[in-house]
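Here's the structure we're looking at; comments come further down.
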Amino acid sequence: MMRREFGSREEMVGYLKAEFPEALVHGEAVSETRGGRRAARALFDRVNPDRYARSRNFLSGAVTRLGPYLRHGVLTMGEVRRGALGQPNPEKLVQEYAWRDYWRRVYGQIGEGVWEDREEPKRQGRVAQQRELPAEVAAAETGLACMDGFVAELKATGYLHNHARMWFAAYVIHWRRVRWQAAAQFFLTHLLDGDPASNNLSFQWVASTFGSKPYIFNRENLEKYTAGEYCRGCGRNQDCPFGKSYEAIDQELFR
Amino acid sequence: MKTVVWMHEDGLRPLLPGAPAIFVFEDKGHSLKRIVFLYECLLELDVVIAKGDVEMLVRKFAAEHGAERIVTTFTECPRITAQARELGAEMVNDDPFIAAAGPYDLKRFSRYWQRVERKALQL
Ligand SMILES: Cc1cc2nc3c(=O)[nH]c(=O)nc-3n(C[C@H](O)[C@H](O)[C@H](O)COP(=O)(O)OP(=O)(O)OC[C@H]3O[C@@H](n4cnc5c(N)ncnc54)[C@H](O)[C@@H]3O)c2cc1C
């Protein structure tokens with residue numbers, strides 16, 4: 001039987017480190033995000049579907065951060081859906097909740113098949129696929145302020161905005177030619193909402209093994225939705241691999 | 001019939017208030033921050049927290065409470081579903097996104113959304 005009484009969060013973390021030493025290979029960071037229904041309800045009460053619909057693609061947008069609580073059933077999907085419907089303009093948010101429900105239903109059908117390509121990749125470029133996430137990507141040492149920033153945030157907080165997840169997945173899969181499974185495993189380890197359904201199937205969507213075309217982005221897109229936060233101080237401004245038109249990137253990656 | 005709840009990581013909420021509940025950690029390759037998150041969720045719930053072999057510990061817990069029935073929250077996770085089957089546990093889908101119906105065509109999200117949109121946008 002494990003302990004339930006602690007004087008402080010630090011004391012609890014110390015206890016868990018001793019009980020789960022195998023977890024420490026992934027680092028010793030602990031997120032500011034608190035577990036439990038009280039913390040979940042506090043976020044839930046702040047959900048604003050109308051602002052969500054207008055700003056969700058921006059890193060500073062009014063996203064809910066309910067991910068970990070939905071992932072672990074602290075809140076139910078029915079509960080958050082009804083919550084949205086009680087407010088103005090709920091359609092977009094409810095549709096995003098539906099994505100989670102959709103991926104979970106697919107998971108229910110294919111189970112561990114989420115680890116295998118659902119379909120042939122479309123328009124694949126150079127075929128050589130790396131099996132492992134390159135060490136400097138995982139260590140946040142690519143020199144690309146965006147990608148390194150995402151990795152650092154992921155490791156420290158267990159959270160990444162949806163758009164950052166998309167950019168990172170596209171970078172690793174299409175620019176670095178890494179098998180999507182390696183990056184998916186990295187995310188599953190560190191995300192508080194890490195879910196083999198939403199995570200692996202979203203990676204497959206980016207890779208085009210569960211979707212009709214590969215997802216790519218360019219610098220202009222990233223700069224816009226991050227308000228330039230990363231590009232401004234980036235040491236690789238001169239050789240930014242994303243600083244081109246979509247057509248040029250498409251040519252380069254999939255020719 | 002005396003009932004106990006097996007709580008797993010896809011359902012960290014009360015399922016049968018009043019029924020004794022147990023959660024068992026097994027090695028899932030989680031990072032420390034994920035374990036801390038799960039633990040904080042568990043500390044708010046009336047549940048015994050254990051670590052080790054799920055089937056063995058849940059069976060033992062049920063026996064200690066003289067329970068013949070084990071219930072657990074529904075999940076699509078194949079591992080948890082297999083463990084529930086092994087335990088003879090009933091899976092309860094207490095508050096799904098939309099009342100079941102289906103099966104749906106899951107080839108693409110757009111097809112699925114077309115079928116469920118009306119229901120999903122209705123209180
Ligand atoms: C490469 C990649 C990996 C991902 N991995 C995961 C994962 O492991 N677990 C996970 O729950 N989501 C995952 N997502 C989906 C999405 O990024 C997260 O659900 C979302 O960013 C969580 O933050 P939030 O709660 O603030 O989301 P919000 O935008 O506020 O959305 C509210 C809730 O709706 C659901 N949701 C929203 N968008 C999506 C989506 N595109 N797909 C599925 N559900 C969605 C989530 O439950 C989310 O908590 C991934 C997306 C990508 C592109």
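Letters A, B, ... mirror the listed sequences (proteins, then strands); counts begin at 1.
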Centroid separation A/Y69 to B/F37 less than 6.0 Å: yes
B/F109 portion near chain A, given a 4.5 angstrom heavy-atom threshold: both
Atom group of B/I22 that falls short of 4.5 Å from chain A, counting heavy atoms: neither
Top contributor to chain B interface from A/E19, A/R100, A/E91, A/E28 [non-hydrogen pairs under 4.5 Å]: A/E19
Ring centers of A/F168, A/F150 separated by less than 6.0 Å: no
Options B/E44, B/K28, B/E117, B/R13, ranked by heavy-atom pairs under 4.5 Å with chain A, top entry: B/E44
Under-4.0 Å salt bridge between B/K2 and B/E68: no
When B/E9, B/R79, B/E40 are compared by non-hydrogen pairs under 4.5 Å with chain A, the top option: B/E40
Short side-chain donor-acceptor distance under 3.5 Å, A/S198 and A/R71: no
Interface residue of largest heavy-atom contact number with chain B, from A/Q95, A/Q185, A/R118, under 4.5 Å: A/Q95
Most chain B-contacting option - heavy-atom pairs closer than 4.5 Å, from A/A23, A/G35, A/A39, A/G27: A/G35
Lys/Arg cation over aromatic B/Y104: A/R105, 6.0 Å, 45° cone: no
B/Q122, part contacting chain A, at a heavy-atom distance under 4.5 Å: backbone
Centroid-centroid distance, A/F203 to A/F187, less than 6.0 Å: yes
Contact leader toward chain A among B/D94, B/T73, B/I49, B/L42, where contacts are heavy-atom pairs under 4.5 Å: B/I49
Validation row, ring centre B/F97 to ring centre A/Y97 under 6.0 Å: no
Most contacts with chain B, counted as non-hydrogen pairs under 4.5 angstrom, among A/S212, A/P196, A/G194: A/G194
Per-residue contact mode, B/K107 against chain A (heavy atom under 4.5 angstrom): both
Winner by heavy-atom pair count (cut-off under 4.5 Å) against chain A, out of B/H8, B/H30, B/K51, B/E76: B/E76
Near-ring test B/F25/A/F20, centroid separation under 6.0 angstrom: yes
B/L45 versus chain A, the contacting section by heavy-atom distance below 4.5 Å: backbone
